[in-house]
Q: 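Before we start, here is the structure in question, set down as structure tokens.
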Amino acid sequence: MDEWEKEMPKSVVHSFLFKTAMTDKLAINRWAEEDRPREKLMSKGAQALTNAELLAILIGSGNDEDSAVGLMQKVLAAYNNSIDQVGRLSVDELCRFKGIGPAKAVAIIAACELGRRRAVEQPERRQVRSAAQVYEYFYPLLRDLAVEECHVLLLNQSSSVIDSVRIGMGGLTETVVDVRLILREALLKRATSIILCHNHPSGSLRPSTHDDRLTRQVQEAARLLNISLLDHVVFTDSGYYSYADEGRL
């Protein structure tokens, strides 16, 4: 035993040793350089990092029990180690974890949203010729939503995507859509055909009477302007329903 330990009360010694151990555990800057998330990213590339390490870079620090990496490992473990599920969490849900406040929660949510937007962004126009391709196109945008949204896909003569626009946002079971807004977007972007897509947060693939009515209204109005409604796709996280595939257009 060192001389300073002999002279100090045991309770003080134990407290000091405990704090020292915790500090050793939490201080990422004392890890081997190749194990530190930032240094590891710079030396080996982002692909070499685990999801927990990438998220740890965002939050910067952990709590008095876990390092930033350890904390994010706990968050991921609570959601089946799925970055997709973590990306769906709200600020309040993330803040339930000790060591994550609003600022850290916002950073995580912002990063996940950027990932979704990158998945949607295309370097060049892509062709969409089937309901499966519509589903693939909208999957990054609609998969995490807790409320209904309706989007219109604007296409040119060769069925290449000009743009996609959200034209309605509503509640859990229905969204209000103005047919005039759909046609306005099509005319402004000089689209020759359009495809509607909206999600069902409930997971039901069965179109509602509201969905049927909207499909008929858009089809009839678009026909007057020589614009074709090619499909209306009902989206869920596990699949889709296509009016065109079912012979209803």
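Keep in mind that the numbers below use all heavy atoms, side chains included, and drop hydrogens, waters and symmetry copies.
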Q: Measure across Ala68 and Gly60 and return the closest heavy-atom pair with its distance rounded to 0.1 Å.
A: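 Where Ala68 meets Gly60 most closely, the heavy atoms are CB-C, 4.2 Å.
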
Q: Applying a strict under-4.5 Å side-chain criterion to I, L, V, M, F, W and Y, I'd like to know whether Tyr139 and Val86 cluster together.
A: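 Looking at the clustering, Val86 is in a separate group from Tyr139.
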
Q: Is the ring pair Tyr241/Tyr243 parallel, tilted or perpendicular, if the boundaries are 30 and 60 degrees?
A: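 Taking Tyr243 first and then Tyr241, their aromatic rings stand perpendicular (interplane angle over 60°).
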
Q: With side chain to side chain donor-acceptor pair (under 3.5 Å) as the criterion, how do Ser202 and Ser204 come out once you've worked through the C-alpha distance, each side chain's angles and the decisive distance to 0.1 Å?
A: CA-CA 6 Å; Ser202 66; Ser204 171; 4.8 Å; no

Q: Can you check whether Cys150 reaches Cys197 side chain to side chain, under 4.5 Å on heavy atoms?
A: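 Cys150 does not reach Cys197 side chain to side chain.
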
Q: Hey, could you give me the CG/NZ distance between Leu155 and Lys189, rounded to the nearest 0.5 Å?
A: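 Rounded to the nearest 0.5 Å, the CG-NZ separation comes out at 12.5 Å.
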
Q: Begin from the C-alpha positions of Thr215 and Leu249 and carry the test side chain to side chain contact (heavy atoms under 4.5 Å, CB included) through to its verdict.
A: CA-CA 9 Å; Thr215 304; Leu249 277 177; 3.8 Å; yes

Q: Between Leu188 and Val177, is there shared hydrophobic-cluster membership here, with clusters defined by ILVMFWY side-chain heavy atoms closer than 4.5 Å?
A: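 Leu188 does not cluster with Val177.
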
Q: For the residue pair Asp163 and Val152, establish whether any side-chain heavy-atom pair is separated by less than 4.5 Å.
A: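 The answer is no; the side chains never approach within 4.5 Å.
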
Q: Ile194, Val234: one ILVMFWY side-chain cluster at the under-4.5 Å cut-off?
A: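 They do share one cluster, since a chain of ILVMFWY contacts under 4.5 Å joins Ile194 to Val234.
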
Q: Rounded to the nearest 0.5 Å, how far does CD of Glu53 lie from CZ of Arg38?
A: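 It comes to 12.0 Å.
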
Q: Taking atom CG of Asp178 as the centre, does the number of heavy atoms from other residues, nucleotides or ligands within less than 6.0 Å exceed 12?
A: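 Atom CG in Asp178 is crowded, with more than 12 foreign heavy atoms closer than 6.0 Å.
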
Q: Is any side-chain heavy atom of Val134 closer than 4.5 Å to one of Asp231?
A: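 No, their side chains stay 4.5 Å or more apart.
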
Q: Same hydrophobic cluster for Leu76 and Leu41, using side-chain heavy-atom links shorter than 4.5 Å among ILVMFWY?
A: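 In one cluster: no.
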
Q: In terms of side-chain geometry, is the basic nitrogen of Glu185 or Arg180 positioned less than 4.0 Å from the acidic oxygen of its partner?
A: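 Judged by the 4.0 Å cut-off on N to carboxylate O distance, Glu185 and Arg180 do not form a salt bridge.
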
Q: Report yes or no: does Asn199 contribute a side-chain atom to a donor-acceptor pair with the main-chain N or O of Glu149 at less than 3.5 Å?
A: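 Indeed, once roles are kept as given, a pair shorter than 3.5 Å links the two residues.
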
Q: Considering only heavy atoms from C-beta outward, does the side chain of Leu229 approach that of Ile195 to under 4.5 Å?
A: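 Of all side-chain heavy-atom pairs linking Ile195 with Leu229, none is under 4.5 Å.
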
Q: What is the minimum heavy-atom distance between Gln127 and Ser158, and which atoms define it?
A: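 In this case the closest contact between Gln127 and Ser158 is NE2-O, 3.0 Å.
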
Q: Less than 6.0 angstrom separating the ring centers of Phe138 and His151, yes or no?
A: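 Here the rings of His151 and Phe138 have centres that are less than 6.0 Å from each other.
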
Q: Do Leu187 and Arg184 come within less than 4.5 Å of each other through their side chains, counting heavy atoms only?
A: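 Not touching, per the 4.5 Å side-chain cut-off.
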
Q: With heavy-atom distances below 4.5 Å as the criterion, would you say the side chains of Pro207 and Glu246 are in contact?
A: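 Not in contact.
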
Q: Does this structure show an ion pair linking Asp66 with Lys98, if we count only N-O contacts that are shorter than 4.0 Å?
A: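 Answer for the salt bridge query: no.
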
Q: Is there a donor in the side chain of Asp92 and an acceptor in the side chain of Ser90, or the other way round, less than 3.5 Å apart?
A: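 No - no donor-acceptor pair under 3.5 Å links their side chains.
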
Q: Between the side chain of Gln133 and the main-chain N/O of Arg129, is any donor-acceptor distance below 3.5 Å?
A: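 Such a contact is found between Gln133 side chain and Arg129 backbone.
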
Q: Which heavy atom in Ala221 sits nearest to a heavy atom in Leu183, and how many Å separate them?
A: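 In terms of heavy atoms, the two residues are closest at CB-CD1, 3.5 Å.
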
Q: Charged N to carboxylate O below 4.0 Å: is that the case for Arg143 and Asp237?
A: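 Salt bridge: no.
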
Q: If you take all heavy atoms of Asp212 and Arg248, which pair is closest and at what distance?
A: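 Scanning both residues, the minimum pair turns out to be OD1-NH2, 2.9 Å.
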
Q: Can you tell whether the side chains of Glu220 and Arg216 come within less than 4.0 Å, N to carboxylate O?
A: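 No, no charged N to carboxylate O under 4.0 Å.
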
Q: Please determine whether side chain to side chain contact (heavy atoms under 4.5 Å, CB included) holds for the pair Val179 and Leu214, giving the CA-CA distance in whole Å, both sets of side-chain angles, and the decisive distance to 0.1 Å.
A: CA-CA 8 Å; Val179 176; Leu214 174 63; 4.2 Å; yes

Q: With a 4.5 Å limit on heavy-atom distance, are the side chains of Lys74 and Glu65 in contact?
A: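 They are in side-chain contact.
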
Q: Checking the side chain of Asn156 only, and the main-chain atoms of Thr192 only, is there a donor and an acceptor separated by less than 3.5 Å?
A: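 A pair under 3.5 Å: no.
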
Q: Tell me, do Glu148 and His198 make a side-chain contact under 4.5 Å, heavy atoms counted?
A: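 Side chain of Glu148 against side chain of His198, heavy atoms only: contact under 4.5 Å found.
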
Q: If you take all heavy atoms of Ala186 and Ile227, which pair is closest and at what distance?
A: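 Smallest interatomic distance, heavy atoms only, reads CB-CD1, 3.8 Å.
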
Q: Name the residue from Arg206, His232, His200 that meets the side chain to side chain donor-acceptor pair (under 3.5 Å) definition with Asp211.
A: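 Among Arg206, His232, His200, the one meeting side chain to side chain donor-acceptor pair (under 3.5 Å) with Asp211 is His200.
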
Q: Could you measure the distance from the OG atom of Ser228 to the CD atom of Gln219? Nearest 0.5 Å is fine.
A: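 It comes to 9.5 Å.
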
Q: When you group the ILVMFWY residues by side-chain heavy-atom contacts below 4.5 Å and let the links chain together, are Leu49 and Val69 in the same group?
A: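 No, separate clusters.
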
Q: Hey, what do you get for OG (Ser130) to CD (Glu136), rounding to the nearest 0.5 Å?
A: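 The CD atom of Glu136 is 8.5 Å from OG of Ser130, to the nearest 0.5 Å.
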
Q: For Leu58 and Ile108, work out which heavy atoms get closest and say how close.
A: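 For Leu58 versus Ile108, the nearest heavy atoms are CD1-CA, 4.3 Å.
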
Q: To the nearest 0.5 Å, what is the distance between OG on Ser159 and CD1 on Ile162?
A: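 Separation between the atoms: 10.5 Å.
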
Q: Any chance you could measure Leu205, atom CG, to Ser238, atom OG, to the nearest 0.5 Å?
A: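 Those atoms lie 5.5 Å apart.
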
Q: Is Asp84 paired with Arg88 through a side-chain N to carboxylate O contact shorter than 4.0 Å?
A: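 Answer for the salt bridge query: yes.
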
